[in-house]
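Start at 1 and go down the list; that is how both ligands and their atoms are numbered. What you see is a predicted model, and the numbers here were worked out from it, not measured in a lab.
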Amino acid sequence: MTEMFQQARQLQDQLVSWRRDLHQIPETGLVLPQTSAYVQKVLAELGLTWQEYPGHSGMTVRIGGGPGKTVALRADMDGLKIEEDTGLPYASHNGNMHACGHDSHTAMLLGAAKLLKEHEAELKGTVKLIFQPAEEGPGGAEPMVKDGVMEDVDAIFAQHIGNLFSGAGERTVDVTWAESTAADDQVIIHITGLGGHGANPHKCVDPVVIAAQIIQNLQYIVSRETDPYDSVVITIASVEAGRGTFNVIPEDATLKGTIRNASPRTRDRVLDRIRQIAQQTAAMMQASCTVDFVDGYPALVNDRAMVESFLRTARAALGEEQVNILPHGMTGGEDAAFFFREKPGCFFVLVSSAPCPLDGEVYGAHHPRFCLDESVFWKGAGLMAQCAANWLAEQAR
Ligand SMILES: [Zn+2]
Ligand SMILES: [Zn+2]
């Protein structure tokens, strides 16, 4: 049944217009009043009803409902606190920007909804659409899991648009067999020494020098203790100490950074070693040190059987050469990981990028000049709908 995928072609103009409307009203965080109202308006036009949840703008929609399993399709709806600088006629002017393409994810899931609604009678089960807020933070998937949205779901598909792996024109979709996006955790290391006159370091315990040692020593975890084929990133992105003077050794120093891990087992080891190395380096220099982690998103790991189902659908729809299996995932984080921790799923990347009209350069996600090639939207909508319908049919056999 590649019929749905072919019908998606007819939706192309509609998808672009939904996306451009959403692009002009980017909102951030858990509560997205304008965006969710827009999505609800379109859902109502499509003859669909939705369920809302307290405390955030997430929604779910059920299509089908006969005997059989339930497969979820997920889109994120939020933008970023970035001032758009694309020069596009439909650029946003409200201080936020859809700089990660979530406007297109939402538009494509609406397109998939339209296709699935038209084929509702043929579905061998139920498709549950998940529209989530706050992917860019503080996280919308975990609250929706707590709301129970995954309890009646058996499997999940999610897509992300962009040029994360392949460039425009190379392939249509990228997918991995297992690890897809990394766990991202934040670390805060606070070093307490003994301040004093910069001319008398021997009467002080200098937290600035100790901070420098800790930063260096942490790199040892990646370079000497981690399998080169297992990806780990330790980035200390902020160093705070002193008050801008030339001659005062400060009392304390604070380091902040991000830790990315592709595998959950490696993550536990890396976080343990960061704590040990920071505290023992500080102790060696007669300072004290606290290490705190702020849990971020877990790693998103694809399920092999779900990837096989995705590959059958994508290859039939797009052709073998348009589907790229990646040797590894990416070090970016993805909130959908919370859904994927609950039920088996397949996360794939719809390849798209376009030069910014202001300078002709291609920019990546989260850049104020990030632009998309809109011509792929119908493929993304078609794939989402087709993957869900095919997976249900495969389960019913
Ligand atoms: Zn993003
Ligand atoms: Zn994103």
_Name of the His366 atom (N/O/S only) found closest to the Zn ion (ligand 1)_ = NE2
*Is there a path of hydrophobic side-chain contacts, each under 4.5 Å between heavy atoms of I, L, V, M, F, W or Y residues, that connects Trp50 with Leu115?*
yes
*Taking all non-hydrogen atoms of both residues into account, name the closest pair between Glu251 and Gly195 and its distance.*
OE1-N, 3.0 Å
_Quick check on the hydrophobic clustering: are Ile236 and Ile214 connected, directly or via other members, by side-chain heavy-atom contacts under 4.5 Å?_
yes
*Evaluate whether atom NZ of Lys128 has more than 12 neighbouring non-hydrogen atoms of other residues, nucleotides or ligands under 6.0 angstrom away.*
yes
*For the Zn ion (ligand 2), how many protein N, O or S atoms lie at less than 2.8 Å?*
3
*asked:* Once rounded to the nearest 0.5 Å, what's the spacing between atom SG of Cys387 and atom CZ of Phe348?
replied: 5.5 Å
*Chi angles and distances behind the side chain to side chain donor-acceptor pair (under 3.5 Å) call for Thr266, Asp230*: CA-CA 8 Å; Thr266 305; Asp230 189 4; 2.5 Å; yes
